[in-house]
Amino acid sequence: MDRYDPIRIEAKWQARWEADRLYEAKDFDPRPKFYFLTMFPYPSGDLHIGHWYAMAPSDAAARYKRMQGYNVLFPIGFDAFGLPAENAAIQHGIHPYRWTMDNIARMRAQLRAMGAMWDWSREIITCDPEYYRWNQWFFLKMYERGLAYRALAPVDWCPRDNTTLAREQVVGEERVCERCGTPVVKKNLEQWFLRITAYAEELLDFSGIDWPERVRTLQENWIGRSRGVEFDLSVKDHPGVAFRVFTTRPDTVYGMTFAVLAPEHPLVDRLTTPDRRAEVEAYKYKAARESDVERLSTERERDGVFIGAYAVNPMNGEPVPIFVADYVLLTYGAGAIQGVPAHDQRDFEFARKYGLPIRVVVAPPGWTGAPLPAAYLDEGTMVNSGPFDGLPSSVAWERIADYMEETGIGRRAVHYRLHDWLISRQRYWGTPIPIIYCPHCGTVPVPESDLPVVLPMDAEFLPTGESPLKRHEGFRRTRCPRCGREAERETDTMDTFVDSSWYQYRYLSPRYREGPFDPRVGAYWLPVDQYTGGIEHAVMHLLYTRFWTKVMRDLGLVTFSEPMLRLFNQGVILGEDGEKMSKSRGNVVNPDDFVRTLGADTVRAYLMFIGPWEGGGPWNSRGIDGVHRFLHRVWNLVVGTATPAGRGDAGAETAASEPEPMPLRHWTHRTIKKVTEDLEGFHFNTAIAALMEFTNYLYQVRARYAGTPAWREAIRSLVLMLAPLTPHIAEELWERLGEPYSVHTQAWPSYDPALARAPTITLVLQVDGKVRDRVQVPADLTEAQARELALSNEKVRRFLDGREVADVIVVPGRLVNVVTR
RNA sequence: GCGGAAGUGGCGGAACUGGCAGACGCGCAGGCCUCAGGAGCCUGUGGGGGCGACCCCGUGGGGGUUCAAAUCCCUCCUUCCGCACCA
């Protein structure tokens, strides 16, 4: 007997597919195109089960699209810059390039074992100078347009990785480094930024793309748009001196009883009176020293110090005391606020602590004038607000804003939580920023013709934490492209998120020399139709790549504004204990072990069967056996060598001699319908369940149908439907059926809707909503017939027990509910 | 605190637009086959009651709408994720 031997057939077909270049996508093919992209891996060294979970289902989906008649581009590459390579260099003396390329070689072999339809001819590796030269090119284009700039700014610094971090890379309440978990510290440094905030408004617009609500919400929250009013407060006894405040509640301006400056605010020194100076200085010192952890502690009492000066409310000329307090941040809004304790919880607590007046200006319904127990934040009626009294506060919001604009007191303004993207990294293993500092000419961009600025291979890697480029004289010292005199290169490299912000374009023409991608090829494939990857990139990669595409549009490189039309986020695969896989927990599942014993098809199918793709979930080593058994059963069924012996077969005959459940062709077509719909929606788990059911059914009726055309249709369909999910076994069985190579270039089976519809249905008979009987009836039973059937049914009558029938609900094709009084 | 998602057998999960709860698989129990394979076959398996035909209960808790609720509404609880002094 010829048993299912996954190891042998998988090796065989992988070699054949590669030799035949079965998966190379053709540009300009007349079929409709479909660009299916999965987030490319970082070459950490080994392909882990998480990679499989991200990639095997996406391969199945891409294969399905191909069988649906699309010309599918399904590329793969490596996100090859980053810290681990540099750390390996420091710890083990291996050059980051060597380390990275060795890992890539190993991972390529592991990826091939998956049997995916990647087009390896388009592989990209971001640490290749021919790749990162375009990072530099983009940077120069942005620099020309003022979208890349250098600024002295307080930046987040990871003391362990010895580098700055983008705001998005600082995570959690503890404000730790996204990569290593070390608490970050603030440093004041000259760094390069990309002006993503120029696109803040546009990035809030998701029209035209079908992205998960979750990602949209995360991005919206991250961008953090606030609409409000900015106005200036003049300072009493300081003619000509004023500071700006921003508020989202201009309707509460008459309720201002104090003002607050951020401790770092530039006016603090100037306005502080001599008698307050010592206290203010002490407070500033304290605020500066406090770590962010302390400063953000939720239980912490709000505090501040009066600086001795008074600000004048522009609406009523009333002076209010000015404080410094660290609950006001220099980095948001204007770095100063109006203190309205009656209508802001923080101001309320502050006013209580320092005995400041709490003046209600938006009255809650039924307010009697009594003090409020907490800040009142909702809509109300204006009081104590001069000409605006009596208006609903939402109306007053607009009227006061209008008034401020008309009189020049202030203007409407929008602020964002989003900051510009800090891209400077004080590390070696990244794209050099193509800038030269000349003592005579200043900051000079490297001319395009001099690109790429190549990383020197002979850098030294020492555990000092200092960037190797900074100490590399040959790299650092250069000549000014403008005046030719001695100058210095920028030694910082770019955040690796730059690499992944536009990689989808490089896949189109990875060896193109005239630009980041060939526009002719781009016109055919772009944009990406389907993108898949983890949710962890919601506010970093996925925001950056949208930004990048908008910049590319404004540079005239593309004609659209969004890089990926549809996005799907798969879940996370957990260890057997239900916890996140980690070496320290010892719950890491190595896919290679299972591939070696059960085969790649089983691993693929199991990962898809485990549950909804978006849900992730725990790995179960027993569960995978069930899927493996299923493939065995399919094999035996199709090859026709299911064990014919003994009582097992007798049992099968027993099953087959029972009343026929449904005709074979109906089962075939309804399974095709179900699997088609499931794959369309990435519901791999239920698609596989349907194929299991179908297989179980085929075993039951095999004796009756074997050899008939309907049987052949069923078996062919089964193999075709397995092709995207388990490509190797499908190819082998397809060949054994005598069908032409390759199963993967066949059309997806179509179904006849009439056949997919059940010829008979189970009609449920209920009395007062409780199921009392089930009867098999023709699917086209009329409503009247169903009603008749129910009322004459013996069990229904028994449960009616002579009671009066009040109503009979008939749901055609489903049930009849007899309702008693 | 704010925003989002979710709670279904011993486990992973299924259930169209409100219409048979628990598909499929794991596990478990019993039986079979086999010179033993990462082979296969059959039966049973939500809880409780009954010799049985059958009956009752059951989708986090409580309440509601409805002929009918896992599904809709209110409320509470729990878990996960994100943001968190953003003015």
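A, B, ... follow the sequence lines: proteins, then strands. Residue 1 opens every chain. Being a predicted model, the structure only gives us computed values, none of them experimental. When reading the values below, keep in mind they use all heavy atoms of this one structure, side chains included, and skip hydrogens, waters and symmetry mates.
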- Query: What's the closest nucleotide to the A:Arg622 side chain, out of B:rC83, B:rA87, B:rC28?
  - Reply: B:rC28
- Within the structure shown, what part of the strands sits under 4.0 Å from A:Val819 by heavy-atom distance: base, sugar-phosphate, or nothing? sugar-phosphate
- Query: Reckon A:Asp347 touches a base, only the sugar-phosphate, or nothing at all at heavy-atom distances under 4.0 Å?
  - Reply: nothing
- Message: Would you say A:Arg417 places a side-chain N or O within less than 4.0 Å of OP1 or OP2 belonging to B:rA84?
- Response: yes
- Query: B:rA87, B:rG40, B:rC20: which one has an atom nearest the side-chain heavy atoms of A:Thr247?
  - Reply: B:rA87
- Message: Using atom C1' in both nucleotides, what's the gap between B:rC35 and B:rC28 to the nearest angstrom?
- Response: 30 Å
- Message: Could you work out, with side chain to side chain contact (heavy atoms under 4.5 Å, CB included) as the rule, every residue matching A:Pro250, not counting sequence neighbours?
- Response: A:Val229, A:Thr247, A:Trp397, A:Ile400
- Are any side-chain N or O atoms of A:Gln169 and backbone N or O atoms of A:Ala166, one a donor and one an acceptor, separated by less than 3.5 Å? yes
- Query: If you look at every strand shown and take non-hydrogen atoms under 4.0 Å, does A:Thr762 touch a base, only sugar-phosphate, or nothing?
  - Reply: base
- Item | Presence of A:His419 side-chain N/O under 4.0 Å of B:rC86 phosphate oxygens OP1/OP2 | no
- Item | For B:rC51, the Watson-Crick or wobble partner whose two distances fall under 3.5 Å | none
- Considering only atom C1', compute the distance from B:rG49 to B:rG63 and round it to an integer number of Å. 30 Å
- Query: Taking OP1 and OP2 of B:rC24, is either one under 4.0 Å from a side-chain nitrogen or oxygen of A:Asn696?
  - Reply: no
- Message: Students often mix this up, so state it plainly: with edges at 30° and 60°, are the rings of A:Trp613 and A:Phe568 parallel, tilted or perpendicular?
- Response: parallel
- Pairing partner of B:rA5 (Watson-Crick or G-U wobble, both distances under 3.5 Å): B:rU79
- Query: What is the glycosidic conformation of B:rG25: syn, defined as within 90° of 0, or anti?
  - Reply: anti
- Can you check the A:Tyr332 OH to B:rA87 C1' distance for me, whole Å? 7 Å
- In whole Å, what is the span from the CE atom of A:Met692 to the C1' atom of B:rA14? 13 Å
- Message: Using the C1' atom as the point on both nucleotides, what is the distance between B:rG22 and B:rG47, in whole Å?
- Response: 13 Å
- Between B:rG10 and B:rG46, how far apart are the C1' atoms? Round to whole Å, please. 10 Å
- Looking only at heavy atoms, the pair that brings A:Ile196 and A:His419 closest together is CG2-O, 3.3 Å
- For A:Phe594 and for A:Thr686, locate the closest nucleotide of RNA chain B by heavy-atom distance; then report the residue assigned to the nucleotide nearer the 5' terminus. A:Thr686
- Partners of A:His628 by side chain to side chain contact (heavy atoms under 4.5 Å, CB included), sequence neighbours excluded? A:Tyr4, A:Pro6, A:Leu598, A:Thr602, A:His632
- Message: Taking the minimum atom-to-atom distance to the side chain of A:Arg3, which one of B:rG19, B:rG38, B:rG37 wins?
- Response: B:rG37
- Query: Do you know the tightest heavy-atom contact between A:Glu576 and A:Ser621?
  - Reply: OE2-OG, 2.6 Å
- Task: Please state whether the phosphate of B:rA39, meaning OP1 or OP2, lies under 4.0 angstrom from any side-chain nitrogen or oxygen of A:His632.
- Result: yes
- Item | Candidates B:rA87, B:rC24, B:rA84 - which lies nearest the side chain of A:Ala689 | B:rC24
- Task: Could you work out the separation of B:rC2 and B:rU75 based on their P atoms and round it to a whole Å?
- Result: 14 Å
- Message: Considering every strand and a 4.0 Å limit on heavy-atom distances, what is the contact class for A:Pro612: base, sugar-phosphate, or nothing?
- Response: sugar-phosphate
- Item | Residue whose closest nucleotide on RNA chain B lies nearer the 5' end, A:Gly626 versus A:Gly769 | A:Gly626
- Note on the structure: When rounded to whole Å, the CZ to C1' distance for the pair A:Arg225 and B:rC83 reads 19 Å
- Message: Regarding A:Asn817, tell me which of base, sugar-phosphate or nothing describes its non-hydrogen contacts under 4.0 Å with the strands shown.
- Response: base
- Establish, from distance only, whether the side-chain atoms of A:Tyr283 and A:Asp303 form a donor-acceptor pair under 3.5 Å. yes
- Task: Figure out the CG/P separation between A:Asp251 and B:rA87, and round it to whole Å.
- Result: 13 Å
- Message: If the condition is side chain to side chain contact (heavy atoms under 4.5 Å, CB included), which residues does A:Glu804 pass it with, not counting sequence neighbours?
- Response: A:Arg821
- Message: Parallel, tilted or perpendicular, judged at 30° and 60°: which one describes the rings of A:His415 and A:Tyr332?
- Response: tilted
- Parallel, tilted or perpendicular for A:Phe206 and A:Trp211, by the 30°/60° rule? tilted
- Among B:rG12, B:rG40, B:rA87, which nucleotide sits nearest the side chain of A:Phe609? B:rG12
- Considering Watson-Crick and G-U wobble pairs with both distances under 3.5 Å, what does B:rG22 pair with? none
- Note on the structure: Ranking B:rA87, B:rA84, B:rA23 by distance to the side chain of A:Arg167, first place goes to B:rA84
- Note on the structure: Rounded to whole Å, the CD1-C1' distance (A:Ile223 to B:rG3) equals 15 Å
- Of the non-hydrogen atoms in A:Ile761 and A:Pro778, which two are nearest, and what is the gap between them? CG1-O, 4.2 Å
- Query: In B/S/- notation, 5' to 3', how is nucleotides 54-59 of chain B contacted by protein heavy atoms closer than 4.0 Å?
  - Reply: SSSS--
- Decide whether a cation-pi geometry holds between A:Arg772 and A:Phe799; the criteria are a distance under 6.0 Å from NZ or CZ to the six-membered ring centre and an angle within 45° of the ring axis. yes
- Query: Atom CG of A:Leu631 and atom C1' of B:rC24: how far apart are they, to the nearest Å?
  - Reply: 14 Å
- Task: Would you mind pulling out the nucleotide paired to B:rG46, Watson-Crick or G-U wobble, both distances under 3.5 Å?
- Result: B:rC57
- Item | Protein-nucleotide distance (A:Trp667, atom CH2; B:rC24, atom P), rounded to Å | 8 Å
- Examine A:Phe630 together with A:Phe609 and report whether their ring centres are nearer than 6.0 Å. no
- Phosphate-side-chain proximity, A:Ser226 and B:rA87, N/O vs OP1/OP2 below 4.0 Å: yes
- With A:Asn221, which residues qualify under side chain to side chain contact (heavy atoms under 4.5 Å, CB included), at least two apart? A:Thr217
- Taking atom P in both B:rC67 and B:rC16, what distance in whole Å separates the two? 23 Å
- Task: Just name whichever nucleotide pairs with B:rC32, Watson-Crick or G-U, keeping both distances under 3.5 Å, else none.
- Result: B:rG40
- Watson-Crick or G-U wobble partner of B:rU71, both distances under 3.5 Å: none
- Item | Distance-only donor-acceptor test, A:Arg814 side-chain atoms vs B:rC16 base atoms, 3.5 Å | yes
- Check every atom of B:rG13, B:rG25, B:rC67 against the side chain of A:Ile809 and return the nucleotide holding the closest atom. B:rC67
- Whole-angstrom distance between B:rU45 and B:rC11, as gauged at atom C1': 14 Å
- Task: Please list, by residue number, the residues of residues 213-221 of chain A whose heavy atoms come closer than 4.0 Å to an atom of RNA chain B; answer none if no residue qualifies.
- Result: A:Arg214, A:Thr217, A:Leu218
- Pairwise C1' distance for B:rC86 and B:rG13, with rounding to whole Å: 42 Å
- Whole-Å gap separating P (B:rC2) and CZ (A:Arg346): 14 Å
